[in-house]
Amino acid sequence: MNIPANKKLYFLSDFHLGSPDFASSLAREKKIVQFLDEAKADAAQIFIVGDLFDFWYEYKHVVPRGYTRILGKLAEITDSGIPIHFFVGNHDMWIRNYFQTELNIPVYFEPKTFEFNGKKFYIGHGDGLGPGDHGYKFLKKIFRNKICQWLFGILPPSIGIGLANYFSNKSRQKGGGKLEEFYGEENEWLIIYCKEVLQKEHFDYFIFGHRHLPIDFDLKNGSQYINLGDWINYNSYAEFNGEQLQLLYYKK
């Protein structure tokens, strides 16, 4: 697919709306909506690469309360004819069909490849990829299990969502709110994963989230790895203008 002249692709991830409290989440949501409102002026397509929510579970007839501003803006953008793609993250993997039916947004549960202007993109949230992190990879299999999801769905929403938010906040507190650090080329799991993929097939760009650290890394041989960072500490995103992919920061 070719991007029309003067149009761009936008990539964002890790909003974690709902965390750590209502007031800070609302302020973050308003800033993201402002960014999207500006981006739609020249957006060819928009990619949200996981963890839009800090927790999301779709019961059969219930979706979590809140997030009206971001959901309304996404619907407005797709209604205007601008495609939006959504990749589930480790915090919002229990999406079912709400995005597809209500917002006309395709949902991807695994990394997906695209080609724009002759450039090949490999895009995914990034959780569970590469070596290590075996504990999470085991938990991910449990969380993705249909029976486990059904069992959680038996709980009344007030209990299920309350429990999930409690454990999510406990996990964040355990991290101490520290900013992530770059571990070096040999220790960054996603860089290792990119190199493994490149041994089988060439991609010009690898775009991931999950890491909560903006990273622009040259993989050599014409490949580039971008980690989108987050909108908790960095307000970072990536932009492809048809020729070049850049990691940028929203300053407003």
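What you are looking at is a predicted structure, and each value in this text was computed from that prediction instead of being measured. In what follows, residues are counted from 1 in the order of the sequence shown.
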Residue set satisfying ring-ring contact (aromatic ring centres under 6.0 Å, His included) with Y205, at least two apart, ordered chain then number -> F121, F240
Can the ring centres of F206 and Y193 be said to be less than 6.0 Å apart?
no
Any Q224 side-chain heavy atom under 4.5 Å of Q244 side chain
no
Separation of H125 NE2 from R211 CZ (nearest 0.5 Å)
12.0 Å
Tell me whether I123 shares a hydrophobic cluster with I192, the cluster being built from Ile, Leu, Val, Met, Phe, Trp, Tyr side chains joined at under 4.5 Å.
no
Between the CG atom in D216 and the OG atom in S236, the distance rounded to the nearest 0.5 Å is 11.5 Å
Could you go step by step and tell me if Y250 and Q34 meet the side chain to side chain donor-acceptor pair (under 3.5 Å) rule?
CA-CA 10 Å; Y250 188 59; Q34 180 179 333; 3.1 Å; yes
Hydrophobic cluster membership, L71 vs I105, 4.5 Å side-chain cutoff
yes
Between F208 and Y225, how do the two ring planes meet: parallel, tilted or perpendicular, split at 30° and 60°?
tilted
Testing F35, F15, F11 for ring-ring contact (aromatic ring centres under 6.0 Å, His included) with Y237, which one passes?
F35
With hydrophobic residues grouped by side-chain heavy-atom distances under 4.5 Å, do L245 and Y249 end up in a single group?
yes
Roughly how far apart are L17 CG and F53 CZ, rounded to 0.5 Å?
6.5 Å
So, N221 versus H202: side-chain donor-acceptor pair below 3.5 Å or not?
no
In terms of hydrophobic clusters joined by side-chain contacts under 4.5 Å, are I215 and Y183 together?
no
So is K8 actually on top of Y10's ring, under 6.0 Å and inside 45° of the axis?
no
Restricting to non-hydrogen atoms, name the atom on L247 and the atom on N227 that form the minimum distance, rounded to 0.1 Å.
CD1-O, 3.7 Å
Could you check if a side-chain atom of L190 sits within less than 4.5 angstrom of a side-chain atom of L129, using non-hydrogen atoms only?
yes
Pairwise distance OG(S25) to CD1(I70) - rounded to 0.5 angstrom:
10.0 Å
Residue set satisfying salt bridge (Lys or Arg N to Asp or Glu O under 4.0 Å) with E115, at least two apart, ordered chain then number -> none
Any idea how F99 and F86 line up, ring-wise: parallel (<30°), tilted (30 to 60°), or perpendicular (>60°)?
tilted
Please tell me whether N117 and E243 have a donor and an acceptor in their side chains that are separated by less than 3.5 angstrom.
no
Quick check for you: to the nearest 0.5 Å, what is the distance between R69 atom CZ and K31 atom NZ?
15.5 Å
According to a hydrophobic-cluster definition based on side-chain heavy atoms being under 4.5 Å apart (Ile, Leu, Val, Met, Phe, Trp, Tyr only), do Y67 and F22 belong together?
no
Is there a donor-acceptor pair under 3.5 Å between the side chain of N97 and the backbone N or O of Q100?
no
Heavy-atom check, side chain of Y122 versus side chain of E201, under 4.5 Å
no
Tell me which donor-acceptor pairs under 3.5 Å the side chains of residues 73-82 have, and how far apart each pair is, sequence neighbours excluded?
unit_1, atom_1, unit_2, atom_2, d
K73, NZ, D37, OD1, 2.8
K73, NZ, E76, OE1, 3.0
K73, NZ, E76, OE2, 3.3
E76, OE2, K40, NZ, 2.2
T78, OG1, L74, O, 3.2
T78, OG1, A75, O, 3.1
T78, OG1, L103, O, 2.9
S80, OG, I77, O, 2.6

Minimal heavy-atom distance between G124 and F87, with the atoms involved, is CA-CD2, 4.0 Å
Looking at G50, is its backbone amide N or carbonyl O close enough to the side chain of S13 to form a donor-acceptor pair, meaning the two atoms are under 3.5 Å apart?
no
Taking atom CZ of F217 and atom CD1 of I191, what is their separation to the nearest 0.5 Å?
4.5 Å
Parallel, tilted or perpendicular: rings of H212 and H16 (30°, 60°)
tilted
